[in-house]
Amino acid sequence: MALPVPSDREKTQMYPWTRWYDYSQARDMMLAATDTPYAPWFILRSDNKKKARLNCIRFLLEKIPHKRVKRPEVKLPRRSKRGAYDDEASLAGKNFILERY
């Protein structure tokens, strides 16, 4: 019985793992050669993609000079009770996307 031939996608997914330490060494050599005080590299840990994106956005926003703007406090008027109904009851039995966060 012949062994199954891996698809191109499987090959591209498996190959980097076999060269992990080669890639890590190349990264370290690149950082040693190009990381300078004038043009520093910033490394973003990305094991958790959502957290990585949020950390990156926060980092970039912190690099932009800004001043706090004083804003007047907003006073919202009371919600009118005229024509009130239970707006949650009309959604009973509908399909919702699962809230995970």
Side-chain angles (χ1 to χ4, degrees):
M1 178 171 203
L3 293 174
V5 177
S7 68
D8 288 340
R9 182 177 178 183
E10 290 171 329
K11 289 177 189 175
T12 59
Q13 289 176 345
M14 292 183 329
Y15 183 70
W17 288 104
T18 63
R19 304 290 306 269
W20 182 268
Y21 295 111
D22 295 333
Y23 291 133
S24 296
Q25 275 187 318
R27 177 207 57 211
D28 294 341
M29 289 169 42
M30 183 270 309
L31 287 173
T34 61
D35 188 22
T36 65
Y38 176 74
W41 280 97
F42 293 94
I43 298 168
L44 178 67
R45 294 200 181 276
S46 60
D47 295 336
N48 180 322
K49 301 300 181 199
K50 182 178 180 179
K51 288 181 182 180
R53 289 182 185 111
L54 292 173
N55 288 330
C56 185
I57 291 168
R58 184 177 190 128
F59 174 80
L60 292 173
L61 289 176
E62 287 174 350
K63 295 296 176 191
I64 300 171
H66 67 283
K67 293 180 182 176
R68 283 230 178 255
V69 177
K70 288 188 177 182
R71 298 179 184 165
E73 185 178 336
V74 176
K75 295 259 182 174
L76 296 175
R78 291 195 173 272
R79 184 177 295 171
S80 171
K81 298 286 185 180
R82 188 170 34 148
Y85 71 99
D86 186 2
D87 57 346
E88 287 293 319
S90 64
L91 299 176
K94 302 292 183 197
N95 296 320
F96 283 89
I97 294 174
L98 181 63
E99 293 182 20
R100 296 177 188 241
Y101 305 105

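Here, residue 1 is the first one in the sequence, and each next residue gets the next number.
Atoms CG and CG, on Asn48 and Leu54 in that order, are 9.0 Å from each other to the nearest 0.5 Å. One distance of note links CZ of Phe42 with CG of Leu60; it measures 10.0 Å at 0.5 Å rounding. Interatomic distance, Leu44 CG to Lys51 NZ, rounded to the nearest 0.5 Å: 13.0 Å.
Between Ser46 and Ala52, the closest heavy-atom pair is CA-CB, 3.7 Å. Between Thr34 and Trp41 the shortest heavy-atom distance is OG1-NE1, 2.8 Å.
For the pair Leu31 and Arg27, the minimum side-chain heavy-atom distance is below 4.5 Å.
Between the Thr36 side chain and the Ala39 main chain, a donor and an acceptor come within less than 3.5 Å of each other.
Under the 4.5 Å side-chain heavy-atom criterion for Ile, Leu, Val, Met, Phe, Trp and Tyr, Ile64 and Ile57 are members of the same hydrophobic cluster.
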